[in-house]
Amino acid sequence: MTSFLKPENALKRAEELINVGQKQDALQTLHDLITSKRYRAWQKTLERIMFKYVELCVDMRKGRFAKDGLIQYRIICQQVNVSSLEEVIKHFMHLSTEKAEQARSQAQALEEALDVDDLEADKRPEDLMLSYVSGEKGKDRSDRELVTPWFKFLWETYRTVLEILRNNSKLEALYAMTAHRAFQFCKQYKRTTEFRRLCEIIRNHLANLNKYRDQRDRPDLSAPESLQLYLDTRFEQLKIATELELWQEAFRSVEDIHGLMCMVKKTPKPSLMTVYYVKLTEIFWISSSHLYHAYAWFKLFLLQKSFNKNLSQKDLQLIASSVVLAALSVPPHDRTHGASHLELEHEKERNLRMANLIGFNLETKPDSREVLSRSSLLAELASKGVMSCVSQEVKDIYYLLEHEFLPSDLALKVLPLLNKISKLGGKFTFASSVPEVHFSQYVPALEKLATLRLLQQVSNVYQSMKIENLAGMIPFFEFSVVEKISVDAVKQKFLSMKVDHMKNVVIFCKTSFEADGLRDHLASFAEQLNKARQMICPPDAKRSKHGGLLPTLPEVVAKEHKRLLARKSIIEKRKEEQERQLLEQEREEESKRLRLLKITEEAERKRLETEVELRKKQRLKMEMEEKDKEEAQAILQEAEKRFKRKGKKPIIDGGVISKKTLMELALIEQHREKQEMEKKLQKLAKTMDHLERAKREEAAPLIEAAYQQRLVEERVLHEHEQQQEVELSRQRHAGDLNEKERLSRMMGHKEIYQERVVSHRQAEFNRLRREREERISRILQTRRQEREKMRKLKYYLKVEEDRRQKLREEEEARKREEAERKKKEQAEHQAKLDEMAERRRKREQEIEEKAEREKREALLGRPTEPAMRPYEPPARPLESRPAVAVASAVPAPGKYVPKFRRAGAETTAAAPPEGDRWGNSGSRPDGDRWERGTSFGGGSRSSSSWSSSRNSRDRP
């Protein structure tokens, strides 16, 4: 890796490499510079380097290099100049798009060139073999090789940019723009696989954004700008999914939008909600979820009526008519009738989920939601005033199908209305993104609803009807289709009817006279008759006969009122008591019932388990028996076929035979067939031997005759060929003699030319040999001189090295001798010092003992003799004693002397010395004074000499 002092040098080096055609080296140079830790501070030169770097990556289609470089550049300029990263990424996407468009413009057959299921998948070996084996045209192959790689690189570019910008709060707009461009790429070139993968990538980015909330540059979804960008991206994803007819991905996009809104607890703008509900209507209609489709239209109607103040009457009528027709298209029967508990739970969860999406309710309490049903939807349409906004045709067909009772001519009245409705429709003016609405898509569902209503009404009036009459009353479908519709309705308990094809009638079944529909009709009929009777014979107003009782009426009323109140209180008490008793009785009965129910359920459960186990065993036994029967039947059929093929009578003529018996019979038959086959083979071998022997006996004389004839023919042929060869040899010899005679005339000229050429070549050879010998001699002389020079040089170096080695050894020996001598001198000096110190120490010790003794004598006033004195050397003469000791014995003038010291001094000076107890005579006082003087005066000298001796020992 080459290091540069400045980034400009790397850029210049890359441009030089590009000019000489080494783009790969230039790219590697810029890549090393960008990924280096030396250049972590942003500067304008790095931006120019990145522009050149992405240009090289696009030219060479190096997506991995581009991703690494952009990630490093993001780290460099994230906190300093993020707009520079935005410019580089825009330039990168612009170059990739431009290259892809150029490749597309060069290709003539784009559909054939882009016939690839997955842009990220490599070519399979079988596809390559098929392309070479089949007669694929060269132009188509060149188009595929030209266009597909650039589109792969463009797709990789979009993925790289989205991955780099996924958690960057400062470049949210660029992230949204890249996602929109990727959606348009998938839409323009019908890339369904890439669109699914792109949706999954964006979905994962949002999930990671919510999972890792502690990132530094994480986008804040609570901000209005960020939320709007994410919503725009999701709505664009929804639009492209519906345009590509990827309905499952479109539904997942709707869930993404709803999940995003639940996350931030905010509702989008009404314009976006319009697109949301319109796409929901398309998705639910494609998935045949007519109920959810109708609810989506209803929500769209309420949204436009509430928020769109510029809504025209035509648009309002169009939306209202769509809502009513969508509601009528919902099947009138409940499809969950008779379903299992698990299916009901799944249907309930699905209804809650759809209600959440359609109602756009951000609360998560399922108890607050209403159950979605056709009846509740029609009731809401009536309460919200939707019927007042629809067209007349839609209103008429609504009343005919939902409120009128016309069993005979319902279909005839509905048919012209359906023809008119199929021609209605139009495009909304309030939203350009909403596709055009066609009411003709609801006609099949309305025809089916009209058929069900007619069958329902006819079943309330008739008990049976001929199939021809019923088919004539329903002009929409053939009777086979009507039969399918009726079967579905009967299955869902919406109708009760039977079709008897033998009698060619339809029977409508009723369990009792008190059918719901008939009861309702009879009650309405009675009410109408009562109203008619009152209109014909109104009641007369009669005169009162109690006019005389009016004066006493207040008293009577008061008494009656009191009596009624007392009676009322008694009745209330009795009712309460009776209700209490009934309640107690009900509780006891309920507890008994629950106990019995529990016991019954437990017994039923055990019985069911036993039955299930028994049925399972029986089923397994029956399966094994059935399997044995099938195998036995197969073996029997195989044996019968074999016997029929051989023309024999089967062993088994019928009856029930077990598999084991058939297997034994089959083995016996196989053994017998094997023996017969061996006998046949032996007979055939014997026949073949006889036939071969006879053939060889007949062929032997014929072969001998043919051999003799072949010998005669080959002898004649050999003589003829030998004669021809002799003739040809004679002719060639004569021709060679003529050629020799012709060439002999040129022999002299040939020898002259040969001598000239040989002499010239000999001279040239001699010259070259001399030159070679001279060159070799020069080379040998040069090498000899070089060897001599090297030999002298080596000798000189060796001598010099020996001399230096000898000098080093002498110097080391001298140093060793000097060190040993110094060490010896130091040891002797140290021994002397130690001896002197030892003598000095002993002398000082003696002086200290004497001083201590004199001190005790001075304190006690008498001399004390030690019990045992050490050996002392004889005292030296007085003259040899130091002057300092004598001077110290006599007190100096003017100095204070104690009384006992003065008396002692005078006595010592006057009295003569007396002998000690050891018999030694001498001057003890003088000696004592000398010793005291020595101890007092010589103390400083002894201490100074000891310190000097110590210093001398410490010095090296």
Side-chain angles (χ1 to χ4, degrees), residues 17 19-25 123-146 685 688-794:
L17 291 172
N19 293 332
V20 297
Q22 298 180 4
K23 291 186 177 181
Q24 181 64 37
D25 296 339
K123 289 185 177 181
R124 297 178 298 175
E126 53 268 24
D127 296 337
L128 292 174
M129 293 176 64
L130 184 62
S131 64
Y132 285 114
V133 173
S134 62
E136 186 179 8
K137 296 181 181 179
K139 184 176 182 303
D140 295 340
R141 189 179 298 118
S142 64
D143 291 342
R144 181 182 296 274
E145 293 175 355
L146 178 64
M688 292 296 294
D689 290 342
H690 289 292
L691 181 61
E692 186 67 23
R693 187 182 298 111
K695 284 168 62 177
R696 291 187 180 183
E697 288 176 356
E698 291 294 331
L702 297 176
I703 292 172
E704 182 66 25
Y707 175 68
Q708 294 298 331
Q709 185 179 357
R710 180 70 179 271
L711 286 177
V712 174
E713 290 176 357
E714 287 184 352
R715 187 181 295 109
V716 172
L717 180 62
H718 174 67
E719 291 176 355
H720 179 68
E721 289 180 353
Q722 189 175 8
Q723 189 176 2
Q724 287 182 353
E725 184 66 26
V726 170
E727 187 66 27
L728 288 174
S729 298
R730 288 175 182 174
Q731 291 177 4
R732 284 197 294 270
H733 180 67
D736 291 341
L737 291 176
N738 294 332
E739 186 69 18
K740 180 179 179 182
E741 185 180 356
R742 187 178 66 82
L743 294 176
S744 63
R745 294 194 300 269
M746 295 184 289
M747 185 60 68
H749 300 285
K750 173 253 182 186
E751 291 177 354
I752 294 171
Y753 178 75
Q754 182 178 359
E755 290 178 358
R756 186 169 63 250
V757 171
V758 169
S759 62
H760 177 70
R761 289 183 179 178
Q762 184 67 31
E764 183 68 19
F765 172 73
N766 294 332
R767 183 181 63 82
L768 292 175
R769 185 174 63 184
R770 285 194 303 271
E771 292 178 355
R772 178 174 174 275
E773 290 177 352
E774 292 176 357
R775 187 169 61 256
I776 290 172
S777 64
R778 287 197 300 272
I779 292 172
L780 291 175
Q781 183 66 24
T782 304
R783 290 181 180 176
R784 192 179 296 112
Q785 292 176 359
E786 290 178 356
R787 285 197 300 270
E788 186 67 23
K789 188 185 298 183
M790 289 299 296
R791 189 163 53 249
K792 291 180 179 180
L793 180 61
K794 289 180 181 179

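Just so you know, these numbers come straight off a predicted model, no measurement behind them. These values consider heavy atoms only, across backbone and side chains, with no hydrogens, waters or symmetry-generated copies.
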| If we only count heavy atoms from C-beta on, is the Leu743 to Met746 side-chain gap below 4.5 Å? | yes
| message | One pair to check against salt bridge (Lys or Arg N to Asp or Glu O under 4.0 Å): Arg775 and Glu771. What are the steps and the verdict? | response | CA-CA 6 Å; Arg775 187 169 61 256; Glu771 292 178 355; 5.4 Å; no
| request: Verify side chain to side chain donor-acceptor pair (under 3.5 Å) between His720 and Gln724, making sure each step is shown before the conclusion. | output: CA-CA 6 Å; His720 179 68; Gln724 287 182 353; 2.6 Å; yes
| message | For the CZ atom on Arg783, are there more than 12 heavy atoms of other groups (residues, nucleotides or ligands in this structure) within a distance under 6.0 Å? | response | no
| request: Starting at CZ of Arg772, measure out to OG of Ser777 and round the result to the nearest 0.5 Å. | output: 11.0 Å
| message | Can you tell me how far apart CG (Leu717) and CZ (Arg710) are? Round to the nearest 0.5 Å. | response | 9.5 Å
| message | Please identify which of these residues, Arg732, Gln731, Glu727, meets the side chain to side chain contact (heavy atoms under 4.5 Å, CB included) condition with Ser729. | response | Arg732
| message | Check this for me, if you would: do Lys789 and Glu786 make a salt bridge, where the nitrogen-to-carboxylate-oxygen distance has to be below 4.0 angstrom? | response | no
| Yes or no on side-chain contact (heavy atoms from CB on, under 4.5 Å) for Lys695 and Glu692, after CA distance, side-chain angles and deciding distance? | CA-CA 5 Å; Lys695 284 168 62 177; Glu692 186 67 23; 4.1 Å; yes
| Heavy atoms, side chains only, cut-off 4.5 Å: are Lys750 and Tyr753 in contact? | no
| From Met747 atom CE to Gln754 atom CD, the distance as rounded to the nearest 0.5 Å | 9.5 Å
| note | In this structure, NE2 of His749 is separated from CD of Glu751 (nearest 0.5 Å) by 11.0 Å
| request: Go through the steps to decide whether Arg778 and Gln781 satisfy the test side chain to side chain donor-acceptor pair (under 3.5 Å), and finish with yes or no. | output: CA-CA 5 Å; Arg778 287 197 300 272; Gln781 183 66 24; over 6 Å; no
| message | Can you tell me if Glu698 has over 12 outside heavy atoms packed within less than 6.0 Å of its CD? | response | no
| task | Could you tell me the separation between the CG atom of Asp736 and the CD atom of Glu739, rounded to the nearest 0.5 Å? | result | 8.0 Å
| task | Please determine which of Arg761, Arg769, Arg767 meets the side chain to side chain contact (heavy atoms under 4.5 Å, CB included) test together with Phe765. | result | Arg769
| field | NZ-CZ distance between Lys740 and Arg742, expressed to the nearest 0.5 angstrom | value | 14.0 Å
| Heavy atoms from other residues, nucleotides or ligands near CD of Glu764 exceed 12 (cutoff 6.0 Å) | yes
| message | Side chains of Glu719 and Gln723: any donor to acceptor distance under 3.5 Å? | response | no
| Do other residues, nucleotides or ligands put more than 12 heavy atoms under 6.0 Å from the CD atom of Gln785? | yes
| message | Between Glu773 and Arg770, does the salt bridge (Lys or Arg N to Asp or Glu O under 4.0 Å) criterion hold? Intermediate values first, please. | response | CA-CA 5 Å; Glu773 290 177 352; Arg770 285 194 303 271; over 6 Å; no
